[in-house]
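All remarks here apply to the structure that follows.
Below, each value reflects all heavy atoms present in this structure, side chains not excepted, and no hydrogens, waters or symmetry copies.
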Amino acid sequence: MIRRLKRSGLLVGCAVWVVGLGAWAQGPRPDAGTTQVTKKEAAVTDASGGHCTGKATFCGVYSQTFCNTQPGCIYYFGSKMCSGIPPKCETATNAKYCSLIKGCSWK
C-alpha cells in the first residue's frame, strides 16, 4: 500500500512538473491580461529618436491583480506567486512599448 502511494505521488509530481515546464516554456498567454505589442509596432523606432532606459521591475513584487500587466510576467495560481523575466528596458524600440515595462522610461 505504501509503495503504491509513493509511486502515485511520484507520478503526480512528475505530471505537475511537466505541465509547469510547458507553461514556463510558452511564456505568458496573449489573453493573460497583458497588453500585447505587435512585432511591427516593436520594430518601429520612435520618430523622436529617444531611447528606453531604466531597470524593469522584478516580477516577484506583483500581486495576482497586477502580475499579468507587466510584460514577461505571469501569475501561477498553484504557487500563488508572480514569476517570469521582464524584458530589459533597452530592448524597447519605441515609447509605447517602453511605457508598458514598469520601471522603464523613454528619454
Report summary line: Output for pair (Q64 CD, M81 CE), nearest 0.5 Å, gives 13.5 Å

Report task. Would you give the length of the straight line joining atom SG of C82 to atom OH of Y76, rounded to the nearest 0.5 angstrom? Result -> 9.5 Å

Query raised in the report: Among C52, C89, C104, whose disulfide bond (SG atoms under 2.5 Å apart) with C98 holds?
Result: C52

Query raised in the report: Is the side chain of Q70 donor-acceptor paired with the backbone N or O of K102 at a distance under 3.5 Å, no angle test?
Result: yes

State, with a plain yes or no, whether a side-chain heavy atom of [X] is found less than 4.5 Å away from one of [Y].
X   : Y    : answer
T53 : S105 : yes
K96 : W106 : no
P86 : C59  : yes

Considering all heavy atoms of both residues, which atom of [X] and which atom of [Y] are nearest to each other, and what is their separation?
X   : Y    : result
N68 : I74  : OD1-CA, 3.3 Å
A56 : I101 : CB-CG2, 3.7 Å
P87 : P71  : CD-O, 3.2 Å

Report summary line: Sorted by chain and number, sequence neighbours left out, ring-ring contact (aromatic ring centres under 6.0 Å, His included) with Y62 holds for none

